[in-house]
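Beneath this line is the structure, given in structure tokens, with notes to follow.
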Amino acid sequence: MNSKRNNTIFDIAIIGAGPVGIAFACSFANTKKKIVVIEKQSKKILSNPKIDGREIALTHHSANILKELNVWKNIPSKLISTIKEARVLNGSSKYFLDFKHRHIQKECLGYLIPNNLIRKYLYKRFKNLQNVSLVDGVNCTSINNRNQKYSSILLSNGKKINASLVVASDSRFSQARSMMGISAFIHDFNKNMIVCRMEHEKPHNNIAYEFFRYAQTQATLPYIKKQSSIVTTLSKKTSANLMNIDDKKFNKVMQNNFDNYFGKMKLIGKRHSYPMVTTYSKKFVAHRFALIGDAAVGMHPVTAHGFNLNLKGIEILSKEIKSAIKQKIDFGLFLILQKYQSKLHRIAVPLYLSTNSIVSLYTNDSIPAVFARKFILKAVNIIKPIKQTFLQVLR
């Protein structure tokens, strides 16, 4: 990676060095295209990202994308856990909707990897590429796409970068998106998500659980040994209390919340809290500009589609760009970018709407909703075509 390139004209400029932005840059490793990534954080932070409490559930397709990027092989296998089965439970009922690995004819449903490790090994791959540059410790202050041949980015240090295409991957609250005058549908669930890793007495048997309680939602993702990633979604007031109690009380609350399902539970590391806000950009592209990752679609974590959808998005966009290059067509043209937008919309819209609907229904404790919850759970379990639709995204 060349971080001192003086040439300020690039083929692609990426705003945001999160895992999606870096993965997108890595997808051009075997091309002659000049890529620059602009990031407000320092290289020191990017090279050794802190634990943020989030564990990422990856589908087989996402794992294959990371393999194609030459990232997967570098992640220590002992730090990757497999998810063999997933169970969804409603209220206090013992009946559950189950998804098993044999349903998709695979050895597992997917994989679980800590978010900081995905970031770390993506960056390791990224920094060894010769056709990419990193401009760190700066913000993007404006984007101008009025020129027919390139877009211009003005940085907080006063420098300007020109690129045939600007790609924004700067979170679901994307400033670049706002600079381009693109609005987004925003759904604030008025809840917080507390994530942490816990050790427990009973084995998880590589089963992921989603407990839809009436006051809160509890999810567990099986990690190595007798450890699980615990995700608790609840009101902001209650979450504030849960974040402030000491570790001993927190362990007891979690144990009780799971009805001793895992026996004694013990917190490992810190608790982390995130607001539950989903976003869907009204447009993914403009002239010489595109949105990827959460800047395009910020999913609710309940169905674990977020990062998987993000990787699918960069796969679509990079293929469209490479196809245009092969045909000697200007890949920054709206006509080319629109193909990406159309394909991602077809995948993202049903996932986004169905996920938000599931969350809204299964956090509603009204009498009609309670009956509907029970009916839907059994319907999905019994009616094979419906269940296969849910399983399809895991392949």
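If you read the sequence from its start, that first residue is 1, and numbering goes on from there.
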Worksheet item: So, Lys248 and Asp246, do they make that salt bridge, N to O below 4.0 Å?
Response: no
Item to complete: Flag the pair Asp247 and Arg271 as a salt bridge only when some basic side-chain nitrogen lies within less than 4.0 angstrom of an acidic carboxylate oxygen.
Response: yes
Verify the neighbour count for atom [atom1] of [X]: are there more than 12 heavy atoms of other residues, nucleotides or ligands below 6.0 Å?
{"X": "Lys236", "atom1": "NZ", "value": "yes"}
{"X": "Lys322", "atom1": "NZ", "value": "yes"}
{"X": "Asp52", "atom1": "CG", "value": "yes"}
{"X": "Lys149", "atom1": "NZ", "value": "no"}
{"X": "Gln227", "atom1": "CD", "value": "yes"}
{"X": "Phe185", "atom1": "CZ", "value": "no"}
{"X": "Lys67", "atom1": "NZ", "value": "yes"}
{"X": "Ile268", "atom1": "CD1", "value": "yes"}

Donor-acceptor pair, side chain of [X] and main chain of [Y], under 3.5 angstrom:
{"X": "Glu210", "Y": "Val88", "answer": "no"}
{"X": "Arg177", "Y": "Leu291", "answer": "no"}
{"X": "Thr141", "Y": "Leu154", "answer": "yes"}
{"X": "Asn145", "Y": "Arg288", "answer": "no"}
{"X": "Asn192", "Y": "Ser273", "answer": "no"}
{"X": "Lys226", "Y": "Glu199", "answer": "no"}
{"X": "Ser229", "Y": "Leu221", "answer": "no"}
{"X": "Tyr223", "Y": "Met198", "answer": "no"}
{"X": "Asp330", "Y": "Gly332", "answer": "yes"}
{"X": "Ser156", "Y": "Asn139", "answer": "yes"}

Worksheet item: So Leu129 and Ile35, side-chain contact (heavy atoms from CB on, under 4.5 Å) or not? Walk me through it.
Response: CA-CA 10 Å; Leu129 302 180; Ile35 314 293; over 6 Å; no
Worksheet item: Would Arg54 count as a cation-pi partner of Tyr274, with NZ or CZ less than 6.0 Å from the six-membered ring centre and within 45° of the ring normal?
Response: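 Because its charged atom sits under 6.0 Å from the ring centre and within 45° of the axis, Arg54 does stack over Tyr274.
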From [X] [atom1] over to [Y] [atom2], what is the distance, rounded to the nearest 0.5 angstrom?
{"X": "Leu242", "Y": "Asn257", "atom1": "CG", "atom2": "CG", "answer": "7.5 Å"}
{"X": "Lys339", "Y": "Leu344", "atom1": "NZ", "atom2": "CG", "answer": "16.0 Å"}
{"X": "Ile347", "Y": "His305", "atom1": "CD1", "atom2": "NE2", "answer": "12.0 Å"}
{"X": "Asn116", "Y": "Ile56", "atom1": "CG", "atom2": "CD1", "answer": "10.0 Å"}
{"X": "Asn251", "Y": "Met265", "atom1": "CG", "atom2": "CE", "answer": "8.5 Å"}
{"X": "Leu353", "Y": "Thr278", "atom1": "CG", "atom2": "OG1", "answer": "9.5 Å"}

Practice prompt. For the pair His200 and Ser228, evaluate side-chain contact (heavy atoms from CB on, under 4.5 Å) and give the outcome as yes or no after the intermediate values.
Written response: CA-CA 8 Å; His200 39 78; Ser228 290; 2.8 Å; yes
Where do [X] and [Y] come nearest, in terms of heavy atoms and distance?
{"X": "Phe334", "Y": "Ala286", "result": "CD1-C, 3.9 Å"}
{"X": "Asn308", "Y": "Ser62", "result": "OD1-OG, 2.6 Å"}
{"X": "Ile118", "Y": "Ile113", "result": "CG1-CG2, 3.8 Å"}
{"X": "Pro114", "Y": "Arg197", "result": "CG-NH2, 3.5 Å"}
{"X": "Pro222", "Y": "Ser81", "result": "O-OG, 2.9 Å"}
{"X": "Cys140", "Y": "Ile153", "result": "SG-CG2, 3.5 Å"}

Does any part of the side chain of [Y], heavy atoms only, come nearer than 4.5 Å to the side chain of [X], both counted from C-beta?
{"X": "Glu315", "Y": "Ser27", "answer": "no"}
{"X": "Tyr121", "Y": "Leu66", "answer": "no"}
{"X": "Phe284", "Y": "Ile182", "answer": "no"}
{"X": "Asn310", "Y": "Asp294", "answer": "yes"}

Fill in: Parallel, tilted or perpendicular: rings of Tyr280 and His345 (30°, 60°)
parallel
Worksheet item: Any idea how Tyr209 and Phe211 line up, ring-wise: parallel (<30°), tilted (30 to 60°), or perpendicular (>60°)?
Response: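 Parallel: the ring planes of Tyr209 and Phe211 meet at under 30°.
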Quick check on the hydrophobic clustering: are [X] and [Y] connected, directly or via other members, by side-chain heavy-atom contacts under 4.5 Å?
{"X": "Ile207", "Y": "Met254", "result": "yes"}
{"X": "Ile329", "Y": "Leu337", "result": "no"}
{"X": "Phe289", "Y": "Leu333", "result": "no"}
{"X": "Ile186", "Y": "Val297", "result": "no"}
{"X": "Tyr352", "Y": "Val277", "result": "no"}

Discussion item. Evaluate Phe262 against Ile230 for side-chain contact (heavy atoms from CB on, under 4.5 Å), listing each step before the verdict.
Written reply: CA-CA 12 Å; Phe262 298 100; Ile230 307 297; 5.7 Å; no
Worksheet item: Is the closest side-chain donor-acceptor distance between Gln255 and Asn260 under 3.5 Å?
Response: yes
Discussion item. Test side-chain contact (heavy atoms from CB on, under 4.5 Å) on Phe28 and Asp11; report intermediate values, then the result.
Written reply: CA-CA 11 Å; Phe28 294 93; Asp11 293 297; over 6 Å; no
Discussion item. Checking side-chain hydrogen bond (donor to acceptor under 3.5 Å, both in side chains) between Ser323 and each of Glu320, Lys319, Gln327, Lys326, which is the one that passes?
Written reply: Gln327
